[in-house]
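Notes follow the structure.
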Amino acid sequence: MYVAVKGGERAISAAHAWLDETRRGDPSVPELSIAQIEQQMGLAVDRVMAEGSCHDRFLAALAIKQAKGDLIEAAFLLRAYRTTLQRFGASEPLETSRMRLRRRVSATYKDLPGGQVLGPTFDYTHRLLDFALAAEGAAPAVAPEAAAPVAEVPRVTELLAREGLMQREDMTEGEPGDLTRQPLAFPADRPVRLQNLARGDEGFLLALGYSTQRGYGNAHPFVGEIRVGHIAVEFTPPELGFPIELGEIGITECQMVNQFAGSRTEPPQFTRGYGLVFGHGERRAMAMSLVDRGLRARELGEDISAPAQDEEFVLYHSDNIEATGFVEHLKLPHYVDFQSELENLRTIRRSAEQAMQEAAE
Amino acid sequence: MNSATTMDSPRASGTIDSPRASGAIDSPRASGAIDGYNFAYLDEATKRMIRRALLKAVAIPGHQIPFGAREMPLPYGWGTGGIQVTASILGPTDTLKVIDQGADDTTNAISIRRFFTRVAGVATTEHTADATVVQTRHRIPERTLREDQIIVYQVPQPEPLFRLEPRRTETKRLHALADYGLMHVRLYEDIARLGHIAKAYDYPVMVNGRYLMSPSPIPAFDNPKMHRMPALQLFGAGREKRIYAIPPYTDVRSLDFEDHPFRPIRAPHVCALCGSGDTYLDEVITDDAGGRLFVCSDTDFCAERQADTAKEAAE
């Protein structure tokens, strides 16, 4: 006699207990602390903050630990926490020329006000595995220190704009939209597009940005500037009426300079692709600025022919929390639908066989 | 687990004048809800936003209403839309049933039921008759639902036209014009090529003679149950951020042609456990030599039928 499968509840509890056990790994190996992750896996923390849409290094590090290093899972944990927090308003716009810079490079000028600052970068390292790192207990590395850079470093694109060579975008009135509160609607305005990209999947942005360089979309980008550092966030409480400083966050900003043929109303000039992300994330900020420029095709009257120019395609598929959920939901039971499909296929095959038989007779 | 939240709880089912509505709005904390979270997880402002979308959805049967779906602690595609709808309508006196594939003991149904016992502390049940709210994935229970019950569907893809036209800007226009030629042509092409309509689940329906609607991926077998159902039917799509609804006693017609009428599909067998010959069946492979048997997908209905048969035999 057939007995239906039972015991799902017990199986779930046992599976999660096993998960906890494997998270810890071999108990003879010391446990990772949140501080270790936050300090020594800093770029992973940055990516989780960006995709988790929540600037909190401690929580991001905790999420990475809980997710066993699965960064999309960690971003999901952070998002699910973030959504329970109260939204109390929009900050003042960041004035990135007043950033406390750790790194600032321009590919369009050899030298410029504020100078080129390499900062802590993988660029120009030779990618040779450093076996010395495998030996623990070495004295902490110490880097030589230069004089602090000047207080205010103007943005490259601003220098171009003053000359009329860089298109100035209109200031948007009022608070920008927030797609965590309002569903996407099309056409999407640029602040919403940028919000979507800023928390989009790094791999997706990278591939799309790359595609614009290979001819899928009409991109001729120059890195006007990348800047990495810290900046104060200010908020104006309605009851005070003047901005107060909430604290400092780490950000990476990228401005790409692109060509634009001009139109009847505008002389030829450069146009901007913009990227701004939490933490130190140059790949992400650069890819974002390529895709942002791609998505401006409609507004600039360009042909929309490539995936990176297609607003619905990009914005609906950039979110890795949505994507991973829906892709992975395929492992949930689908046997009811499958059974329906089976019966239907059997019926269709029976009539096809019948028809073939009749034709043969 | 709290004693008030065990399954098979003996509490009476709600009635039409049960205080669900007012209870839901005030949302007092039921015992058993976990600290640090609002009753049923969502904050009250979010619930209000969702209820507004629900009211709009009920007012325009079958029409998709965009809503500000929140990020839930369960993954997108795993029932976040249904969970948000349930969380918004649930009151402390409700009794919740959660099924997936017709069964109460499928892992995701267990997970969602546990979620609501943790965050709302409401009573849960496996008995369709005892539930005031039924959240479901892929099935409608075999037992006819009543006026004092609400069924909440988890919807992966609310847009019935998405395989024919992936752009929402375009499908929105097609719905506005009630231009559903694309879908009719698709069904006709099936008949022309295969002799039958090849859609076996997520079979499109016309609601109230106006909007083409995805019934969610329920088998076509379940479609007729939606027609003039006494219970309120709510649909939540979290990832796609859409809500829609069918008010009680609304016409729901599965698309078909005069010479190719709609046919509900089920395996032509009887249930190996309860002997039912008119319910939806799961096919179970019993060995690797072609052995198989068929059992009811609705586990509660099957168990009740088995109990009835046993009782009759004893008498």
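Below, chains carry the letters A, B, ... as their sequence lines are ordered, and counting in each starts from 1.
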Original post:
Would you call B:Glu71 and A:Arg181 a salt bridge, using N to O less than 4.0 angstrom?
Top reply: no

Original post:
Roughly how far apart are B:Ser111 OG and A:Glu9 CD, rounded to 0.5 Å?
Top reply: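 Between B:Ser111 OG and A:Glu9 CD, I get 10.0 Å after rounding to 0.5 Å.
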
Original post:
About how many Å separate CD1 of B:Ile265 and CG of A:Leu342, when rounded to the nearest 0.5 Å?
Top reply: 11.0 Å

Chain A: which of [options] shares the most heavy-atom pairs with it under 4.5 Å?
options                              : result
B:Arg266, B:Arg137, B:Lys241         : B:Arg137
B:Pro75, B:Ala45, B:Ala69            : B:Pro75
B:Gly238, B:Gly79, B:Pro66, B:Ala198 : B:Ala198
B:His196, B:Met49, B:Arg70           : B:Arg70

Need one label for [X]: side chain, backbone, both or neither, based on atoms under 4.5 Å from any heavy atom in chain A.
X        : value
B:Arg167 : both
B:Thr169 : both
B:Ser297 : side chain
B:Ala267 : both
B:Leu74  : backbone
B:Phe294 : side chain
B:Phe221 : neither

If you count every heavy atom of other residues, nucleotides or ligands that lies below 6.0 Å from [X] atom [atom1], does the total exceed 12?
X        : atom1 : result
A:Phe235 : CZ    : yes
A:Glu239 : CD    : yes
A:Gln182 : CD    : no

**OP:** Carefully, step by step, assess B:Lys199 and A:Ser340 under the rule side chain to side chain contact (heavy atoms under 4.5 Å, CB included).
**Re:** CA-CA 9 Å; B:Lys199 259 186 135 19; A:Ser340 215; over 6 Å; no

**OP:** Quick one: do A:Ile12 and B:Arg114 satisfy side chain to side chain contact (heavy atoms under 4.5 Å, CB included)? Show the steps, please.
**Re:** CA-CA 11 Å; A:Ile12 290 176; B:Arg114 270 167 64 161; 4.1 Å; yes

Proximity of [range] to chain B, residues having a non-hydrogen atom under 4.5 angstrom:
range                       : result
residues 348-361 of chain A : A:Ile348, A:Ser351
residues 44-81 of chain A   : A:Phe76, A:Arg79, A:Ala80
residues 320-338 of chain A : A:Ile321, A:Glu322, A:Gly325, A:Phe326, A:Glu328, A:His329, A:Lys331, A:Leu332, A:Pro333, A:His334, A:Tyr335, A:Val336, A:Asp337
residues 295-316 of chain A : A:Asp310, A:Glu312, A:Tyr316

**OP:** Mind running side chain to side chain contact (heavy atoms under 4.5 Å, CB included) on A:Phe186 and B:Arg168 for me, showing each step along the way?
**Re:** CA-CA 8 Å; A:Phe186 294 96; B:Arg168 299 310 184 264; 5.5 Å; no

**OP:** Heavy-atom pairs under 4.5 Å with chain B are the metric here; pick the option from A:Asp178, A:Thr347, A:Leu345 that has the most.
**Re:** A:Thr347

Original post:
So, do A:Glu343 and B:Glu283 sit near enough that their side-chain heavy atoms are less than 4.5 Å apart?
Top reply: yes

**OP:** Compare all side-chain heavy atoms of B:Tyr41 with those of A:Thr84 and state whether any distance is below 4.5 angstrom.
**Re:**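 Result yes, sub-4.5 Å side-chain heavy-atom pair found.
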
